Amino acid sequence: MSQVVTRFAPSPTGFLHIGGARTALFSWLMARQAKGRFLLRIEDTDRERSTDQAIEAILASMRWLGLNWDGEAVYQSRRIERHNQAVDELVRKGRAYWCECPPEEVQAMRDRARQRGLKPKYDGTCREKGLGPGPGRAVRLKTPLSGSTSYQDLVKGPIVVDNQELDDMVLRRSDGTPTYNLAVVVDDHDMGVSHVLRGDDHVNNTPRQITIYRAMGWPEPAFGHVPMILGPDKKKLSKRHGALSVMEYERLGYLPEALVNYLARLGWSCGDKEIFSRQELVELFSVDNLGSSAAVFDLKKLDWLNSQYIQAGDQARLAGLLAEFVNRRTPGAGRAEDLARVVPLLKPRAKTMVEMADKAGFFVADARSLAYDQKAVDRFLDPQAKALIREFAAALEEAAGFSRQALEQAAKSFLDRRGLKFKALAQPVRVAISGAAESPGLFETMEALGRDQTLGRLKRAADL
RNA sequence: GUCCCCAUCGUCUAGCCUGGUCCAGGACGUCGGCCUUUCACGCCGAUAACAGGGGUUCAAAUCCCCUUGGGGACGCCA
């Protein structure tokens, strides 16, 4: 009975960016789809660069995206003893050896090889010396000298590398700490990982790691390498080049489900389908449909997806979110209970929550402090229009109710009595109540604003 | 330098494995139109691609080779 076990193994040297999030998502999907397990391992062996802050940031991002992991996160730094045990075993088995070559010398070897047009690699000076442990000595893997190592990449297909391309990599540094390739193999094995999905930049590491699996006599997991994400200029996305932290997208007003949907479709597809609920993603995901070429991150499409999710979003939830975003701008201004009324009006008009908060501005302002767009005022509030607004306000005072239907009815008879078209009233009133030349529908806006705010604004505008 | 990977509209992609139904489909974007009280939403339409060259074949986006272009890896980093 083989269960699918995948893992995400970030090194906490910075925030979780979009590329890492996508690999995590694919691994998560693969596990959930197969009803297997999705594990998290923090590769914090680089003590210099790893920070607790980065760990927290990564975990926060994963939670926000809804990528829940099974069990406790594994911290690689706590497993050093186990890693060294494996190294010892390899030495005992004769599959690894102690090496006393100083790093500078190895570097010189590499330089020489490169000069001769060869693959830079360690020349195996200590391979047959039969050295034991000692100060300044590292342990190297005895890589097969001939033949080739191959595997079936889940996304790229068959990959074959000549063993002569591989050199005797260091498994244990002279300071006694294990190296990355060794640690990954031991951890993946111990954690029971069956499928390794990771970034493209690891393809070259895979044959090396497979060599370690074989030397240990362990079964190898399946490997899949997902292509990287490019910036708009087709350059690799990096911190200083458009790769934002996942949490930055939250701040920009994107919904997690929209980001997840977008990320899933970046490099993966399922026919012509574009919008996937989390449930659908889990059901339909398959590594077979993963693309093999790099993809450009397109913010415009993310915007579109986000607007789709906003339009379909739950009202109460969006009201809560909207309140948060309004408060980020003007603390204390937004209350979810009040905003619930404006959410339906703003839904089709906002691509992000930030934009929605923006457009909600005039709703949360007070009649006395509402800011008027000067251009709109100049254009639509001439003396004649102001007079009309004053009369309209007076008419509304008499109005029976303040529902959009009642308001529409009131406006209609008001205009009929004067033999005017709706056009004569629309823009002036819009500017009066919203402060701008664009807004949601007039009557729904007045309804959401309520009697006091509407009348207050009409009167104030008439006096501008 | 050596090795590995990649290559369909501006972008994400379907199709490629199992050649013909593809003078290449969908989506975002862009442009135009409709709807309309403004702005959006929505709807309709348009735009635009098989990197190049050789093969194989009756037939190639699909198979093979080469070229070009892009990317990655060559650490006692992860």
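Just so it is clear, the structure is predicted and the values come from calculations on it, not from any experiment. So you know, we letter chains A, B, ... as the sequences are listed, proteins then strands, and number each from 1.
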Visitor: Of the nucleotides B/G72, B/G29, B/U38, which has the atom closest to the A/N204 side chain?
Guide: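 Shortest atom-to-atom distance from the side chain points to B/G72.
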Visitor: Output the single nucleotide from B/C28, B/A78, B/C4 whose closest atom is nearest the side chain of A/K301.
Guide: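 Among B/C28, B/A78, B/C4, the one nearest the side chain of A/K301 is B/C28.
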Visitor: Contact class for A/T45 vs. all strands (heavy atom < 4.0 Å): base, sugar-phosphate, or nothing?
Guide: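 Since only primed, P, OP1 and OP2 atoms lie under 4.0 Å of A/T45, the category is sugar-phosphate.
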Visitor: Using a heavy-atom cut-off of under 4.0 Å over every strand shown, decide if A/L266 touches base, sugar-phosphate, or nothing.
Guide: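 A/L266: backbone/sugar contact only, no base atoms under 4.0 Å.
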Visitor: Can you confirm if the aromatic rings of A/W304 and A/Y262 lie within a centre distance of less than 6.0 Å?
Guide: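 No, ring centres 6.0 Å or more apart.
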Visitor: For A/E257, is there an ion pair with A/R317 - N to carboxylate O distance below 4.0 angstrom?
Guide: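 Yes, A/R317 and A/E257 are salt-bridged.
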Visitor: Compare the minimum distances between each of B/G1, B/C5, B/U38 and the side chain of A/P120, then state the nucleotide with the smallest one.
Guide: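 Nearest listed nucleotide: B/G1.
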Visitor: Starting the side chain at C-beta, find the nucleotide from B/G25, B/G29, B/C4 nearest to A/D272.
Guide: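 For A/D272, the side-chain atoms sit closest to B/G25.
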Visitor: With distance as the sole criterion, do the side chain of A/R349 and the base of B/C41 form a donor-acceptor contact below 3.5 Å?
Guide: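 No such pair is found, so the answer is no.
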Visitor: Just checking A/E48: base, sugar-phosphate only, or nothing, at a heavy-atom cut-off of under 4.0 Å?
Guide: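 It contacts nothing in the nucleic acid.
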Visitor: When you compare B/U56 with B/G19, how far apart are their C1' atoms, in angstrom units rounded to a whole number?
Guide: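 After rounding to an integer number of Å, I get 11 Å for this pair.
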Visitor: Check the phosphate of B/A40 against A/K351, side-chain N and O only, distance under 4.0 Å to OP1 or OP2. Yes or no?
Guide: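 A/K351 to B/A40 OP1/OP2: no side-chain N or O under 4.0 Å.
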Visitor: Partner lookup for B/A73, please. Criteria are Watson-Crick or G-U wobble with both distances under 3.5 angstrom; report none if nothing qualifies.
Guide: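 Across all strands, the one nucleotide that pairs with B/A73 is B/U2.
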Visitor: Watson-Crick or G-U wobble partner for B/U68, using a 3.5 Å limit on both distances?
Guide: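 Pair assignment: B/U68 / B/A7.
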Visitor: With a 4.0 Å cut-off on heavy atoms, is A/S439 in touch with a base, just the backbone sugar-phosphate, or nothing at all?
Guide: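 Counting heavy atoms under 4.0 Å across all strands, the contact made by A/S439 includes a base.
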Visitor: Quick one: label A/E43 by what it contacts on the DNA or RNA (base, sugar-phosphate, nothing), any heavy atom closer than 4.0 Å.
Guide: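 Sugar-phosphate contact only.
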Visitor: Across all strands, who's sitting opposite B/A40 as a Watson-Crick or G-U wobble pair, both distances under 3.5 Å?
Guide: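 In the structure as shown, B/A40 has no Watson-Crick or wobble partner.
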Visitor: If we take the P atom in both B/C43 and B/G26, what is their distance in whole Å?
Guide: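 Looking at atom P only, B/C43 and B/G26 are 15 Å apart.
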Visitor: Ignoring backbone atoms, test whether A/S269 places a side-chain nitrogen or oxygen under 4.0 Å from the OP1 or OP2 oxygen of B/A14.
Guide: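 Answer yes for this pair, as a side-chain N or O of A/S269 is under 4.0 Å from OP1 or OP2.
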Visitor: What's the closest nucleotide to the A/V296 side chain, out of B/U37, B/C4, B/U11?
Guide: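 For the A/V296 side chain, the nearest candidate turns out to be B/U11.
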Visitor: Now, which nucleotide makes the Watson-Crick or G-U wobble pair with B/A24, with each of the two distances under 3.5 Å?
Guide: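 Per the H-bond distance test, none.
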Visitor: Between B/G71, B/G29, B/A73, which nucleotide gets closest to the side-chain atoms of A/K235?
Guide: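 Of all the options, the side chain of A/K235 is nearest to B/G71.
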Visitor: Any strand is fair game: report the nucleotide pairing with B/A46 by Watson-Crick or G-U wobble, both distances under 3.5 Å, or none.
Guide: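 Across all strands, the one nucleotide that pairs with B/A46 is B/U30.
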Visitor: Identify whether the distance between the nearest side-chain nitrogen and carboxylate oxygen of A/E355 and A/R349 falls below 4.0 Å.
Guide: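 No.
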Visitor: Is B/A61 paired to anything, Watson-Crick or G-U wobble with both distances less than 3.5 Å, and if yes, which nucleotide?
Guide: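 Its partner is none (no Watson-Crick or G-U wobble pair with both distances under 3.5 Å).
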Visitor: Does A/V184 form a side-chain contact (heavy atoms from CB on, under 4.5 Å) with A/R41? I'd like the steps, not just the answer.
Guide: CA-CA 10 Å; A/V184 175; A/R41 180 173 71 235; 3.9 Å; yes
Visitor: Looking only at side-chain atoms of A/E274, point me to the closest of B/G26, B/A40, B/C5.
Guide: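 Among B/G26, B/A40, B/C5, the one nearest the side chain of A/E274 is B/G26.
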Visitor: Contact class for A/H202 (heavy atom, under 4.0 Å): base, sugar-phosphate, or nothing?
Guide: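 A/H202: base contact, heavy atoms under 4.0 Å.
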Visitor: Give me the distance, rounded to whole Å, that separates B/U8 from B/C3 when you measure between the P atoms they each carry.
Guide: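 Between the two P atoms, the distance is 25 Å.
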Visitor: Taking atom P in both B/G69 and B/A59, what distance in whole Å separates the two?
Guide: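 That atom pair is separated by 32 Å.
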Visitor: If you measure from the P atom in B/C5 to the same atom in B/C9, how many Å do you get, rounded?
Guide: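 It works out to 22 Å between them.
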Visitor: Could you check which of B/A78, B/G42, B/G72 has an atom nearest any side-chain atom of A/Q311?
Guide: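 Among the listed nucleotides, the one closest to the side chain of A/Q311 is B/G42.
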Visitor: Give one of base, sugar-phosphate or nothing for A/G291, where a contact means two heavy atoms less than 4.0 Å apart.
Guide: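 Nothing, no nucleic acid heavy atom in range.
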Visitor: Go through the N and O atoms of the side chain of A/T179 and the base of B/C76, and report whether any donor-acceptor pair is under 3.5 Å.
Guide: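 No, the side chain and the base share no sub-3.5 Å donor-acceptor pair.
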Visitor: Using the C1' atom as the point on both nucleotides, what is the distance between B/G15 and B/A24, in whole Å?
Guide: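 Approximately 8 Å lies between the C1' atom of B/A24 and that of B/G15.
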Visitor: State, without any angle test, whether A/R430 and A/S439 hold a side-chain donor-acceptor pair at a distance under 3.5 Å.
Guide: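 Side chains of A/R430 and A/S439: pair found under 3.5 Å.
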Visitor: When we call it a touch if two heavy atoms are under 4.0 Å apart, what does A/V203 touch: a base, just sugar-phosphate, or nothing?
Guide: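 A/V203: no heavy atom of the nucleic acid under 4.0 Å.
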Visitor: How would you list all residue pairs meeting side chain to side chain donor-acceptor pair (under 3.5 Å) that involve residues 120-136 of chain A, not counting sequence neighbours?
Guide: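 Sorted result for residues 120-136 of chain A: A/E100-A/K129, A/D123-A/T125, A/R127-A/D168.
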Visitor: Classify A/N205 by what it touches in the nucleic acid, base, sugar-phosphate, or nothing, heavy-atom distance under 4.0 Å.
Guide: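 Result for A/N205 = base.
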Visitor: Has A/R110 got a side-chain N or O lying under 4.0 Å from the OP1 or OP2 atom of B/C76?
Guide: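 Checking B/C76 against A/R110, a side-chain N or O does come within under 4.0 Å of OP1 or OP2.
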Visitor: For the side chain of A/S292, starting at C-beta, report the closest nucleotide among B/A7, B/A78, B/C41.
Guide: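 My answer, after comparing the listed nucleotides, is B/A7.
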Visitor: Determine the interatomic distance between P on B/G52 and the same-named atom on B/U11; round to the nearest Å.
Guide: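 That atom pair is separated by 15 Å.
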Visitor: Regarding A/Q107 and A/D111, is there a side-chain donor-to-acceptor distance under 3.5 Å anywhere?
Guide: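 Yes, because at least one side-chain N or O of A/Q107 sits under 3.5 Å from a partner of the opposite role on A/D111.
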Visitor: Could you measure between the two C1' atoms, the one in B/C63 and the one in B/C50, and give it in whole Å?
Guide: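 After rounding to an integer number of Å, I get 15 Å for this pair.
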Visitor: Does A/Q107 contact B/G75 through a side-chain donor or acceptor facing the base, at a distance under 3.5 Å?
Guide: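 It does not, because no donor-acceptor pair links the side chain of A/Q107 to the base of B/G75 below 3.5 Å.
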Visitor: Specify whether A/F223 and A/H225 have parallel, tilted or perpendicular ring planes, treating 30° as the upper limit for parallel and 60° as the lower limit for perpendicular.
Guide: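 Ring orientation of A/F223 relative to A/H225: parallel.
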